[in-house]
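Keep in mind the model is a prediction, meaning the values are calculated, not measured.
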Amino acid sequence: MTAAAYDAIAVQYAEFAAGAWDKHPLERAVWTAFADSVRGRGPVADLGCGPGHLTAHLRSLGLDAFGVDLSPAMISLARAAHPDLRFEVGSMAALELPDASLAGILSWYSVIHTPPGEVPRYFAEFARTLASGGHVLLGCFESRGGPLTSFDHKVTTAYCWPLDELAGLAADAGLAEVGRVYREPGPDERPLRHGSLLLRKP
């Protein structure tokens, strides 16, 4: 369902994503901190990569980055825009990757549509494919300390998470919190707070 929804708006989403984060230096700083944590340690997967803009940004930061997305249309756009990078159609819940094969995982707003009961399965897959000492950077909509809530995203139902709850689920999967960042919405964004978690596999 999510893949079909993103297939339907792939071109419009690619146009939106092309410069969507140019005006958010805090998020660029978070990506840089993540890159500094994993650079030179091995491959890095951008899971839920969409049209590949962040995969390309990770490569510009010196990472051996590749992208995975459930939407075939998004992967086609990513391959066309960045023919020098590797992109694959696949599910974050069942990655076709060996155990402990990744130095890092970027999951930037890529689990926001995942039903809450399925999120632990995603975190378990992140932990399985991540090498010891590897890092995950997770971006999401944040619930301002309130309970987990759903809202009508333009594509399909999405969720606002308390970061404490997400960090707890990550810990259950064996991923320890390194740090977190909150960002208030900009004037042209939905009135939702943004959050990110940097996690590490011991």
Quiz item: Can you list the steps and then say if F87 with T55 is a side-chain contact (heavy atoms from CB on, under 4.5 Å)?
Solution: CA-CA 9 Å; F87 295 99; T55 318; 3.5 Å; yes
Self-check item: Test: R183 and E189 ion pair at under 4.0 Å
Solution: yes
Quiz item: Closest approach of A173 and A127, non-hydrogen atoms and distance?
Solution: O-CB, 3.3 Å
Practice problem: Answer whether the closest heavy-atom distance between the side chains of S150 and T157 falls below 4.5 Å. | Solution: yes
Practice problem: May I ask you to decide if A65's main-chain N or O and R59's side chain share a donor-acceptor pair within less than 3.5 Å? | Solution: yes
Exercise. For the pair H135 (side chain) and V38 (backbone), establish whether a donor and an acceptor sit closer than 3.5 Å, ignoring hydrogens and angles.
Key: no
Exercise. Provide the closest heavy-atom pair for S110 versus G48 in the form atom of the first, atom of the second, distance.
Key: CB-CA, 3.8 Å
Practice problem: Measure the CG-CG distance between L163 and L197 for me, rounded to the nearest 0.5 Å. | Solution: 4.5 Å
Quiz item: Between E142 and C160, does a side-chain contact (heavy atoms from CB on, under 4.5 Å) hold up when you go through it step by step?
Solution: CA-CA 5 Å; E142 197 275 328; C160 292; over 6 Å; no
Quiz item: Do Y122 and L102 share a hydrophobic cluster (ILVMFWY, side-chain heavy atoms under 4.5 Å, transitive)?
Solution: yes
Quiz item: With no hydrogens and no angle check, is any side-chain donor or acceptor of R128 less than 3.5 Å from a backbone partner on L95?
Solution: yes
Quiz item: Any chain of hydrophobic side-chain contacts (each under 4.5 Å) joining W31 to L47?
Solution: no
Self-check item: Nearest non-hydrogen partners of G52 and A78, listed with the distance
Solution: N-CB, 3.9 Å
Quiz item: Is it true that L58 and V181 fall in one hydrophobic cluster, defined by side-chain heavy atoms closer than 4.5 Å?
Solution: yes
Quiz prompt | Non-hydrogen side-chain atoms of I75 and C49 separated by less than 4.5 Å | solution = yes
Quiz prompt | Derivation of the side-chain contact (heavy atoms from CB on, under 4.5 Å) call for W161 and S143 | solution = CA-CA 5 Å; W161 280 88; S143 66; 5.8 Å; no
Quiz item: Is atom CD of E96 surrounded by more than 12 heavy atoms (other residues, nucleotides or ligands) closer than 6.0 Å?
Solution: no
Practice problem: Report yes or no: is the cationic atom of R193 (NZ for Lys, CZ for Arg) under 6.0 Å from the centre of the six-membered ring of F141, at an angle within 45° of the ring normal? | Solution: no
Quiz item: Which residue pairs pass the side chain to side chain donor-acceptor pair (under 3.5 Å) test with at least one member in residues 79-88, sequence neighbours excluded?
Solution: R86-E88
Exercise. Kindly indicate whether the side chain of D64, heavy atoms from C-beta on, has any atom under 4.5 Å from the side chain of V44.
Key: no
Quiz item: Given side chains that start at C-beta, do those of L198 and S37 come closer than 4.5 Å, heavy atoms only?
Solution: yes
Quiz item: Taking atom CZ of F123 and atom CG of L199, what is their separation to the nearest 0.5 Å?
Solution: 6.5 Å
Quiz item: Do P98 and T129 have side-chain heavy atoms sitting under 4.5 Å apart?
Solution: no
Exercise. Indicate if I105 and L138 have the same hydrophobic cluster label, given that clusters are the connected sets of ILVMFWY residues with side-chain heavy-atom separations under 4.5 angstrom.
Key: yes
Exercise. Show your working on side-chain contact (heavy atoms from CB on, under 4.5 Å) between H113 and Y159 and close with a plain yes or no.
Key: CA-CA 6 Å; H113 302 297; Y159 297 88; 5.9 Å; no
Quiz prompt | Partner residues of R200 under the side chain to side chain donor-acceptor pair (under 3.5 Å) criterion, sequence neighbours left out | solution = none
Quiz item: Backbone N or O of A167 within a donor-acceptor pair of the R180 side chain at under 3.5 Å?
Solution: no
Quiz item: Can you tell me how far CE of M74 sits from CG of D69, rounded to the nearest 0.5 angstrom?
Solution: 6.5 Å
Self-check item: Rounded distance (nearest 0.5 Å) linking atom OG of S107 with atom CG of L137
Solution: 8.5 Å
Practice problem: Find out if a path of hydrophobic residues (ILVMFWY) with successive side-chain heavy-atom gaps under 4.5 Å connects L169 to L148. | Solution: yes
Exercise. Please confirm whether H194 and Y109 have ring centers closer than 6.0 angstrom.
Key: yes
Quiz item: What is the distance from atom CG of L166 to atom OG of S196, rounded to the nearest 0.5 Å?
Solution: 11.5 Å
Self-check item: Main-chain N/O of L97 paired with S101 side-chain donor or acceptor, under 3.5 Å
Solution: no
Practice problem: Provide the closest heavy-atom pair for P147 versus P162 in the form atom of the first, atom of the second, distance. | Solution: C-CG, 4.1 Å
Quiz item: Could you state the interatomic distance from NZ (K201) to CG (L130), rounded to the nearest 0.5 Å?
Solution: 6.0 Å
